[in-house]
Amino acid sequence: MNGGYFFYDSKHAVFPEELANLYRFTRWGKSRSIEDIARMLEGTSMCFSVRHENHLVAFCRMLTDFVYRASLWDIMVHPDHQGKKVGTSLLDYALGHPSIKNIPLIITYTSELGPFLAPHGFTPREGAMMLMRRPIEYS
């Protein structure tokens, strides 16, 4: 995929203000502050992003030990770029990245993206239990 899309694998390629703009299109991230997004970026192992005409149009991130486990978070594509394979290309880029591709277990938590994630090898696990110390606030 190209079509003027450029892919990045660094948290330094993303600015909190523009990421806040992407979060506003989600059901679960609208209330995230720019300050908290900046702190989140600092503590994230790897960020993957897509730009088009120098605008951030897609993003996801991973928390990982780079050996055994990783978790995939915040998969977002700007509505103007959905349906153009941008999200699929971003996920292919992230999961095929040399730092990620050999990790045997990558998990994600979603109630919305199952059909999108299935072609990338993600399957629901019967009997899996999610424990939460504090409920996630959806706004």
Exercise for the section: Please answer whether the main-chain N or O of V77 pairs with a side-chain N or O of Q82 as donor and acceptor at a distance below 3.5 Å. Expected result: yes
Practice task
To the nearest 0.5 Å, tell me how far M40 CE sits from C47 SG.
Solution key: 6.5 Å
Problem - Charged N-O contact under 4.0 Å between K85 and D92 - result: no
Practice task
Looking only at non-hydrogen atoms, find the nearest pair between A20 and I34 and report the distance.
Solution key: CB-CG1, 4.2 Å
Practice task
Decide whether L63 and Y109 are clustered together by the hydrophobic rule: side chain heavy atoms of Ile, Leu, Val, Met, Phe, Trp, Tyr closer than 4.5 Å, transitively.
Solution key: yes
Handout entry: Rounded distance [0.5 Å steps], CG in L95 versus CZ in F122
Key = 5.0 Å
Handout entry: Side-chain heavy-atom pair C60, W73 within 4.5 angstrom cut-off
Key = no
Problem - Ion pair check, R27 and E112, cut-off under 4.0 Å - result: yes
Handout entry: Atom pair CG/OG of L41 and S10 - distance to nearest 0.5 Å
Key = 10.0 Å
Problem - Single-linkage hydrophobic cluster M46~V67, side-chain heavy atoms < 4.5 angstrom - result: no
Practice task
Please test M76 against L19 for side chain to side chain contact (heavy atoms under 4.5 Å, CB included), starting from the C-alpha separation and ending with a verdict.
Solution key: CA-CA 10 Å; M76 302 180 287; L19 195 50; 3.7 Å; yes
Exercise for the section: Would you check if I37 and E17 make a side-chain contact, meaning some heavy-atom pair closer than 4.5 Å? Expected result: no
Exercise for the section: Taking K30 for its side chain and F25 for its backbone only, find out whether a donor-acceptor pair lies under 3.5 Å. Expected result: no
Handout entry: Side-chain touch I103/I100, heavy atoms, less than 4.5 angstrom
Key = yes
Practice task
Find out whether I107 and S71 are in side-chain contact, i.e. whether some heavy atom of one side chain is under 4.5 Å from a heavy atom of the other.
Solution key: yes
Problem - Taking every non-hydrogen atom, the tightest pair across F66 and S45 - result: CZ-CB, 3.9 Å
Problem - Cluster overlap F48 with L113, hydrophobic side-chain contacts below 4.5 Å - result: yes
Problem - Pair F6 and H52, ring centroids less than 6.0 Å apart - result: no
Handout entry: Stepwise side chain to side chain contact (heavy atoms under 4.5 Å, CB included) test for V14 and F59
Key = CA-CA 9 Å; V14 179; F59 176 83; 4.1 Å; yes
Practice task
Verify the ring-centre separation between H120 and F116: is it less than 6.0 angstrom?
Solution key: yes
Exercise for the section: Hey, could you give me the OG/CD distance between S49 and E18, rounded to the nearest 0.5 Å? Expected result: 8.0 Å
Exercise for the section: Find the distance between CG (L117) and OG1 (T123) and round it off to the nearest 0.5 Å. Expected result: 10.5 Å
Exercise for the section: Step by step, work out the side chain to side chain contact (heavy atoms under 4.5 Å, CB included) result for L22 and D74. Expected result: CA-CA 10 Å; L22 271 185; D74 300 353; over 6 Å; no
Problem - Sidechain-backbone polar pair: T26 side chain, Y23 backbone, donor-acceptor under 3.5 Å - result: yes
Fill in the blank from the handout: Rounding to 0.5 Å, atoms CG (D80) and NE2 (H55) come to a distance of 11.0 Å
Problem - Any side-chain heavy-atom pair of L105 and Y68 under 4.5 Å - result: no
Problem - Side chain R51, main chain A13, donor-acceptor under 3.5 Å - result: yes
Practice task
Determine whether Y93 and Y5 fall in the same hydrophobic cluster, where Ile, Leu, Val, Met, Phe, Trp and Tyr are linked whenever their side-chain heavy atoms lie under 4.5 Å apart.
Solution key: yes
